[in-house]
Amino acid sequence: MILNLRTLTTSLVIMLSLGASANTAQASSSSLSLPLQGTSSQPQDLTLEPAFWWAGMHNPELQLMLYSRDFPSLPQQLKVDIQGQGITLKSLEHTDNPHYLFINLDLSQAAPQTFELVISSTDSASKTNTPLYRLPYTLQARAEGSRERQGFSNKDVIYLITPDRFANGDTSNDNQADMLEQVAANFNSNPSNPNYPDARHGGDIAGISQHLAYLAKLGVTQLWVNPLLENNQAHYSYHGYSITNLYRVDPRFGSNEEYKALVAKANKLGLGVIKDVVVNHIGSNHWWLNDLPSQDWLNDATKTQLHNRESKPDLIPPTATKSSAMKSSVTSPRFTSHRRTTVQDPYAAAQDHIDFVDGWFTDTMPDLNQSNPKLATYLIQNSIWWVEYAGLSGIREDTYSYADKGFLAKWSKAVMAEYPNFNIVGEEWTANPITVSYWQKGKINADGYTSDLPSLMDFPLYEKLIASLNEPESWDTGFIKLYEMLANDVVYAEPSKLVLFEGNHDTNRIFSLVKENIDLYKMALTYVLTAKRIPQLFYGTEVLMTSPTEGRHDGVVRSDFPGGFANSATNAFTGQGLSESQRQAQQFVRTLLNYRKQSPALQSGDLLHFVPQDGVYVQFRCVLNVPLSAEQKAEALKSLIQNNYLTQHNACTQPSADKVMVIYNKNDKVITLDINRFASVLGDSGAATDIISGKTVSLNQAITLPHAGVTILELKPNSKSKTKTTSPQNAGLPRSQDSMRSRSKANALTRAHTNNSAINLAKNSTQEGTQP
């Protein structure tokens, strides 16, 4: 996200009142009886977050945040007693705001239970305690296998949904009395209203739930849903990125329970759910803004250097005086500079770094100061709470580099330590692969920064994909730019774990970006779905949804999915009213997605590509299907040492591998593709199956490409070659093609050295086949 926008309530807002017959605590969707001692002038409200937790977590420590305006003005007068088994009160912490209390617990010896927190005020003069609250707190039992949950991986295809725009499954929740922005009736009946694109349309969790079968049949396996948490903002609240309660699903989308049920239902259909998380900022109507937990809870352009000197010693000069710091910060921009390289640049001025990290996106998105340790713990626990509560299979972290990088390292490490097989993808919107690679786990950075973030969005490859498809073919334009961009994979720790996409909620629609050229559209989709990456599609791409091509038009880009709303003229869920081109596109995507679900080569195979020539770009994805013997491994290692061939440990050079050949062709006229060039990969494959048409394609002769487009072939072994006593270098080659035989002989040494194995191939194939 690069621009704008409380249920078993988990932000347990307990309204305490003294009634004539009973004292009760009211929560937003449930009531809780709390024995209350004191007078009617005592507590009026209390907020406790998180409202419950789990026993048996990997990290046994838990920090509770309590808020009440009726806490004593001297924090040291507060006393906490724990009435439970195996629970240790480690410490109490306070801030410069006496309305907040932080309780640190050790749960390492605690079993699932409901225990009691007794909060008292101690009169320092009389030494007597006045109980303020007796709060029941529950430690739940974890779901079986929770820690071992499998995160999204290269086996998956992610489908991004903007919930307000996908489908309105429950019109009764469109408008809520406690929400500032409503769904105006005339919007639903008149989409041409100029305010319609940026208004709330009414899509919800129920709408997604009702169409899970469509998504499963389409062939996707993971759902990334834009933020569903409460955005109680006056305008532009549909987007989801101005969160006003981090523990509550927005009631216009549904409830916490409905979200959890959605995940469970999706899982039964083979679909995982990825949560969109925001740690950089909140919405300006978040309840914190009424009474900030501390002066340094937010990054304030006029106060940052004063309040954050201790927490940001690497940025704030220790010799800076109060007057000099104020003078410097006054010249700082209130809003972020978006200059993301200042985080990594060894020559960047400290102030430029601050301008980027501490600046706000807009005045409705207060920037959080994650270097505050209590806020850092709050945000880490919040992410883990949602994974455990809802049963998630991944997190997509918004505006990743904009948050404090020390915190980001702690956050990613904490989440992945709790769920070792989990996955997180961060958004770093830049076309520079070096900038993206800085944040990935395993990258050795010059400044010593380390991260536990497994994945990032591959914006560099996305940007190059769009450009290369639209450019004419020449020596240095077109496919060659896409080809050469892949060479930058050397800067990544694990490039195959990046998420590649054809579009998202912040980019213009792919069909429009390729000038509504269906052939280029299919090439773009094929590239994303067959790349050595984790692929992601944007909702509606499969039915050619469009948008402007220049500038930001977020509301239009996130238009209603056809059939998801009462006023839909067409229905993509059923196919009713779709144009012929839309039906063809949808079937193309469905066919390719479902093929990919059962293709080890496309899920985890090696990649081998050939330099584009004459408007044609050929790639192969290959995976071994035969175990390697010790002798084969030794021979492969020997040849690697002696010859140092770059691709000799690539599965595509192995006769025993399963292979998929992808041909991208920009030529509008008929061309003949001489396959001699690919003999080292084709080997004894005498035929192939076109996975889109199902037709058989002979590999004993040149391939005719009648027009521009993409051809996807699954290679088949030549059964005749198995019965012939031919030399390895000539096996399976047509006798009449001398040029192919000649080229094959030239490649014989390579194949001899690489026949059947390579140590790295065996290692990589095993790792990729079992990665989270």
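The chain is numbered in sequence order, starting from 1.
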Query raised in the report: With a cut-off of 6.0 Å (strictly less than), are more than 12 heavy atoms of other residues, nucleotides or ligands near NZ of Lys265?
Result: yes
Report summary line: Tyr100 and His94 have their tightest heavy-atom pair at O-ND1, 4.2 Å
Query raised in the report: What are the two closest heavy atoms between Ile534 and Ser153, and how far apart are they?
Result: CG2-O, 3.6 Å
Requested in this report: Could you tell me whether the side chains of Gln77 and Thr122 share a donor-acceptor contact shorter than 3.5 Å?
Outcome: no
**Report entry** Test log, rule side chain to side chain contact (heavy atoms under 4.5 Å, CB included), inputs Gln440 and Leu453
**Finding:** CA-CA 5 Å; Gln440 191 180 29; Leu453 181 69; over 6 Å; no
Query raised in the report: Can Lys90 and Asp106 be said to form a salt bridge (charged side-chain N to carboxylate O under 4.0 Å, His left out), step by step?
Result: CA-CA 6 Å; Lys90 293 186 63 178; Asp106 182 347; 5.8 Å; no
**Report entry** Between Gln603 and Asn154: side-chain donor-acceptor atoms closer than 3.5 Å
**Finding:** no
Requested in this report: Provide the closest heavy-atom pair for Leu271 versus Leu215 in the form atom of the first, atom of the second, distance.
Outcome: CD1-CB, 4.4 Å
Query raised in the report: Aromatic ring centroids of Tyr400 and Trp439 under 6.0 Å?
Result: yes
Query raised in the report: Do Lys443's NZ or CZ and the ring of Tyr438 fall within the cation-pi criteria of under 6.0 Å and 45°?
Result: no
Report summary line: Which of Phe538, Tyr241, Phe166 passes ring-ring contact (aromatic ring centres under 6.0 Å, His included) with His505? It is Tyr241
Requested in this report: Determine whether the aromatic ring centres of Tyr539 and His211 lie less than 6.0 Å apart.
Outcome: no
Report task. Compute whether any side-chain donor of one residue and acceptor of the other, for Asp276 and Trp224, lie under 3.5 angstrom apart. Result -> yes
Query raised in the report: For residues Thr130 and Ser121, is any side-chain donor paired with an opposing acceptor at under 3.5 Å?
Result: no
**Report entry** Steps toward side chain to side chain contact (heavy atoms under 4.5 Å, CB included) verdict (Leu160, Ile274)
**Finding:** CA-CA 9 Å; Leu160 168 58; Ile274 300 168; over 6 Å; no
Requested in this report: Answer yes if the side chains of Arg533 and Ser496 hold a donor-acceptor pair under 3.5 Å, and no otherwise.
Outcome: no
Requested in this report: Verify side chain to side chain contact (heavy atoms under 4.5 Å, CB included) between Trp53 and Gln140, making sure each step is shown before the conclusion.
Outcome: CA-CA 6 Å; Trp53 199 249; Gln140 299 186 1; over 6 Å; no
Requested in this report: Identify the two heavy atoms, one from Asp291 and one from His99, that lie closest to each other, and give their separation to 0.1 Å.
Outcome: OD2-ND1, 2.5 Å
**Report entry** Between Thr162 and Asn226: side-chain donor-acceptor atoms closer than 3.5 Å
**Finding:** yes
Requested in this report: Give a yes or no on whether the backbone of Ser120 and the side-chain of Asn129 come within a donor-acceptor separation of less than 3.5 Å.
Outcome: no
Query raised in the report: Do Gln370 side-chain atoms and Phe407 backbone N/O form a donor-acceptor pair below 3.5 Å?
Result: no
Report summary line: Between Val279 and Leu368 the two heavy atoms that sit nearest each other are O-CD1, 3.6 Å
**Report entry** Minimum side-chain heavy-atom gap Leu117-Asp81 below 4.5 Å
**Finding:** no
Report task. Indicate, with yes or no, if the rings of Phe52 and Tyr137 have centres closer together than 6.0 Å. Result -> no
Report task. Can you spot which of Asp367, Asp404, Asp398 makes a side-chain hydrogen bond (donor to acceptor under 3.5 Å, both in side chains) with Asn280? Result -> Asp367
Requested in this report: Please say whether the positively charged group of Arg142, taken as NZ for Lys or CZ for Arg, lies over the ring of Tyr389, i.e. under 6.0 angstrom from the six-membered ring centre and within 45 degrees of the axis.
Outcome: no
Query raised in the report: Could you go step by step and tell me if Thr88 and Gln109 meet the side chain to side chain contact (heavy atoms under 4.5 Å, CB included) rule?
Result: CA-CA 8 Å; Thr88 302; Gln109 304 302 313; over 6 Å; no
Report task. Could you go through the ring-ring contact (aromatic ring centres under 6.0 Å, His included) check for Phe361 and Tyr402 one step at a time? Result -> CA-CA 10 Å; Phe361 273 91; Tyr402 288 76; 4.8 Å; yes
**Report entry** Reference residue Ile384; test side chain to side chain contact (heavy atoms under 4.5 Å, CB included); the match among Tyr419, Trp54, Trp411
**Finding:** Tyr419
Query raised in the report: Do Asn104 and Glu93 have a side chain donor and acceptor closer than 3.5 Å?
Result: yes
Requested in this report: Please check if the distance between the ring centroids of Trp288 and Tyr378 is under 6.0 Å.
Outcome: yes
Query raised in the report: Is any side-chain heavy atom of Phe102 closer than 4.5 Å to a side-chain heavy atom of Met65?
Result: yes
Report task. Measure up the His201 and Tyr238 rings against each other and bin them: parallel (under 30°), tilted (30 to 60°), perpendicular (over 60°). Result -> parallel
Report task. Could you label the plane-to-plane angle of the Trp287 and Tyr67 rings as parallel, tilted or perpendicular, counting under 30° as parallel and over 60° as perpendicular? Result -> tilted
